[in-house]
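Notes to accompany the following structure.
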Amino acid sequence: MKIFQTVVELQKHLLEINQLGQRTIGFVPTMGALHQGHLSLIDAARKESDYTVCSIFVNPTQFNDPEDFKRYPIQIDRDLEMLLEAKCDVAFVPNVEEIYPHGTLAKVDIDLGFIGTTLEAAHRPGHFEGVLQVVKRLLDIVQPDKLFLGQKDYQQCMVLQRLVQHCQLPVEVVICPTLREPDGLAMSSRNVRLSAEERSAAVKLSKALNAIREHIQQTPLDELLSEQQAMLSADPLISVEYLVVVHGETLEPVDTYKQTVPLTALVAAKVGPVRLIDNLILT
Ligand code: PAF
């Protein structure tokens, strides 16, 4: 596996690779602290493209909470070992100056409409502006054929699909399923920050989503959401930011279940000091 820290070195290498013959590049952007969920994206990229590039960059501009940025887990040596073992071809590990040589002020100007105002956007002001900024820059650098994203960041996937459409980027977005721990907790880099007690409480987020999926056809939606909200709120370690069932393609609120309407349940909550998100596609 090749490791590059600068844009110039990475692009020189990708040009050489391209000159060897037409190769499709699969790109997996990450913020490091890798887990099996990331490795499943590397796996998908290896299967669906000829050459796999993974970036590790903790993007400061997408953290609305400076404390969250400070505490974001960093384990670069372990990450590189994992990527090597996963047979990733290139790890791109730039610093802030490489990604933002002209500073961080220039943002990508895209009107995201409703998806840019609801759920994560409402609870983390400025977050998606930072995500758009860094992913646009990374796509410009790597120029991949395919971009691999995890469904766990459901709204982020929608936002990045908009980016690709809006800028007419010649890249296919491939969304891969969420990987879960045996008890159902969605894998996340932030899970390592949970204490043993918080870890036990955290599984309730996926339990709430599963209960919604199980009962949505029989129980009125508002009742079902209140029940699950109450189940989560009864745990003193959990503070729910949202637990909703929305239209799966627009994120618009829905008030009743209809088999013909795509529905997704999403949750965001702090478990102790750690903010976690999860979702389940219902129909
Ligand atoms: O999902 C993430 O880890 C980040 O938001 C991403 C896409 C790597 C951009 O920093």
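The structure displayed is predicted, hence computed values, not measured ones. Scope of the values below: all heavy atoms of this structure, side chains included, with no hydrogens, waters or symmetry mates. Residue numbers run from 1 in the order of the sequence given.
- Considering only heavy atoms from C-beta on, Leu276 comes within 4.5 Å of Asn191 through its side chain.
- In the hydrophobic clustering, where aliphatic and aromatic side chains (Ile, Leu, Val, Met, Phe, Trp, Tyr) are joined below 4.5 Å either directly or transitively, Val203 stands alone.
- Using a 30° and 60° split on the angle between ring planes, Phe4 and His13 fall in the tilted class, from 30° to 60°.
- Crowding of Asn95 atom CG: a count of heavy atoms from other residues, nucleotides or ligands under 6.0 Å exceeding 12.
- Residues forming a salt bridge (charged side-chain N to carboxylate O under 4.0 Å, His left out) with Arg213 (at least two apart in sequence, or on another chain): none.
- Annotation: the span from Ile76 atom CD1 to Ile56 atom CD1 amounts to 4.0 Å, rounded to 0.5 Å.
- Between Arg199 and Asp183 there is a salt bridge, since at least one side-chain N of the basic residue sits less than 4.0 Å from a carboxylate O of the acidic one.
- Within 6.0 Å of CD in Glu197 there are 12 or fewer heavy atoms belonging to other residues, nucleotides or ligands.
- Judged by distance alone, with hydrogens and angles left aside, the side-chain atoms of Thr24 form no donor-acceptor pair with the main-chain N or O of Ser49 at under 3.5 Å.
- Using a 4.5 Å heavy-atom threshold, the side chains of Asn18 and Tyr51 count as separate.
- A donor-acceptor contact shorter than 3.5 Å links the side chain of Glu98 to the backbone of Val7.
- For Gln62, the side-chain hydrogen bond (donor to acceptor under 3.5 Å, both in side chains) partners two or more places apart in sequence, or in a different chain, are Asn59.
- Annotation: side chain to side chain contact (heavy atoms under 4.5 Å, CB included) contacts of Lys107 (sequence neighbours excluded): Glu129, Gln133.
- Residues meeting the side chain to side chain contact (heavy atoms under 4.5 Å, CB included) test with Lys258, sequence neighbours left out: Thr256, Thr260, Val261.
- The main-chain N or O of Asp50 is never found under 3.5 Å from a side-chain atom of Arg23 such that the two would form a donor-acceptor pair.
- In this structure a side-chain-to-backbone donor-acceptor pair under 3.5 Å is missing from Gln168 to Gln165.
- Within the 3.5 Å criterion, the main-chain N or O of Thr219 finds no donor-acceptor partner in the side chain of Tyr257.
- For the atom pair CG (Asp140) and CG (Leu169), the distance works out to 7.0 Å, reported to the nearest 0.5 Å.
- Counting heavy atoms from C-beta on, the side chains of Ile42 and Cys54 come closer than 4.5 Å.
- For the atom pair Phe128 CZ and Ile115 CD1, the distance stands at 7.5 Å (nearest 0.5 Å).
- With sequence neighbours left out, the side-chain hydrogen bond (donor to acceptor under 3.5 Å, both in side chains) criterion links Ser239 to no other residue.
- Checked by atom type and distance alone, the side chain of Ser206 pairs as donor or acceptor with a backbone atom of Gly184 at under 3.5 Å.
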Give the intermediate values and the outcome of side chain to side chain contact (heavy atoms under 4.5 Å, CB included) for residues Val173 and Cys157.
CA-CA 8 Å; Val173 178; Cys157 291; 5.9 Å; no

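- Each of Met158, Arg162, Gln155 was scored for a side-chain contact (heavy atoms from CB on, under 4.5 Å) with Leu112, with one residue passing: Arg162.
- Between Glu67 and Arg275, none of the side-chain N atoms (NZ, or NE/NH1/NH2) sits under 4.0 Å from a carboxylate O, so this pair counts as no salt bridge.
- For the side-chain hydrogen bond (donor to acceptor under 3.5 Å, both in side chains) test, residues two or more places apart in sequence or in another chain that qualify with Glu16 are Lys12.
- For Pro220, the side chain to side chain contact (heavy atoms under 4.5 Å, CB included) partners at least two apart in sequence or on another chain are Asp222, Glu223.
- The distance from atom OG of Ser55 to atom CD1 of Ile99, rounded to the nearest 0.5 Å, is 7.5 Å.
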Determine, step by step, whether Met231 and Lys204 satisfy the side chain to side chain contact (heavy atoms under 4.5 Å, CB included) criterion, reporting the C-alpha distance in whole Å, the side-chain angles of both residues, the deciding distance to 0.1 Å, and the verdict.
CA-CA 8 Å; Met231 182 276 285; Lys204 293 182 182 168; 4.1 Å; yes

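- Side-chain contact between Pro101 and Arg137 is present, with heavy atoms from C-beta onward closer than 4.5 Å.
- Side chain of Thr264 to backbone of Leu280: no donor-acceptor contact under 3.5 angstrom is found.
- Ile25 has its side chain out of reach of Ile17: every pair of non-hydrogen atoms, C-beta onward, lies at least 4.5 Å apart.
- Side-chain contact between Val28 and His38 is absent, with no heavy atoms from C-beta onward closer than 4.5 Å.
- Partners of Arg180 under the salt bridge (charged side-chain N to carboxylate O under 4.0 Å, His left out) rule, at least two apart in sequence or in another chain, are Asp278.
- Val134 and Phe63 are not part of a single hydrophobic cluster, where members link through side-chain heavy atoms under 4.5 Å apart.
- Open room surrounds CD on Gln259; 12 or fewer heavy atoms of other groups in view lie less than 6.0 Å from it.
- Of the possible polar contacts, none joining the Lys136 side chain to the Val108 backbone as a donor-acceptor pair under 3.5 Å is found.
- Side-chain contact check for Leu10 versus Val142: some heavy-atom pair is nearer than 4.5 Å.
- Heavy atoms from other residues, nucleotides or ligands lying under 6.0 Å from CG of Leu105 number 12 at most.
- Residue Leu185 holds its CG atom at 10.5 Å from OG of Ser200, rounded to the nearest 0.5 Å.
- When every heavy atom of Phe57 is checked against every heavy atom of Pro60, the shortest pair comes out as CZ-CD, 3.9 Å.
- Between the Asp153 side chain and the Ile277 main chain, no donor and acceptor come within less than 3.5 Å of each other.
- Here the CD atom belonging to Gln19 is positioned 4.5 Å from the CG atom belonging to Leu15, to the nearest 0.5 angstrom.
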Test Leu232 against Val267 for side chain to side chain contact (heavy atoms under 4.5 Å, CB included), laying out the working first.
CA-CA 11 Å; Leu232 293 175; Val267 64; 4.3 Å; yes

Using the rule given for side chain to side chain contact (heavy atoms under 4.5 Å, CB included), can you reason through Glu97 versus Tyr100, listing the C-alpha separation, both sets of side-chain angles and the distance that settles it, and then say yes or no?
CA-CA 5 Å; Glu97 288 71 35; Tyr100 300 121; over 6 Å; no

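- Annotation: side-chain hydrogen bond (donor to acceptor under 3.5 Å, both in side chains) contacts of Asp68 (sequence neighbours excluded): Arg190.
- When the side chains of ILVMFWY residues are joined at heavy-atom separations under 4.5 Å, either directly or via intervening members, Val254 and Leu119 end up in two distinct hydrophobic clusters.
- No continuous path of hydrophobic side-chain contacts links Tyr154 to Val240 [ILVMFWY only; heavy atoms under 4.5 Å].
- Counting only heavy atoms from C-beta outward, the side chains of Val244 and Leu225 never approach each other to under 4.5 Å.
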Cut-off 3.5 Å, no hydrogens considered: what does the side-chain donor-acceptor table look like for residues 80-94, sequence neighbours left out?
residue, atom, partner, partner atom, Å
Asp89, OD2, Thr52, N, 2.8

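- Looking at every heavy atom in both residues, Cys176 comes nearest to Leu41 through CB-CD2, 3.4 Å.
- The backbone N or O of Ile141 lies less than 3.5 Å from a partner atom in the side chain of Gln11, making a donor-acceptor pair.
- In this structure Tyr242 satisfies the ring-ring contact (aromatic ring centres under 6.0 Å, His included) test together with His123, sequence neighbours excluded.
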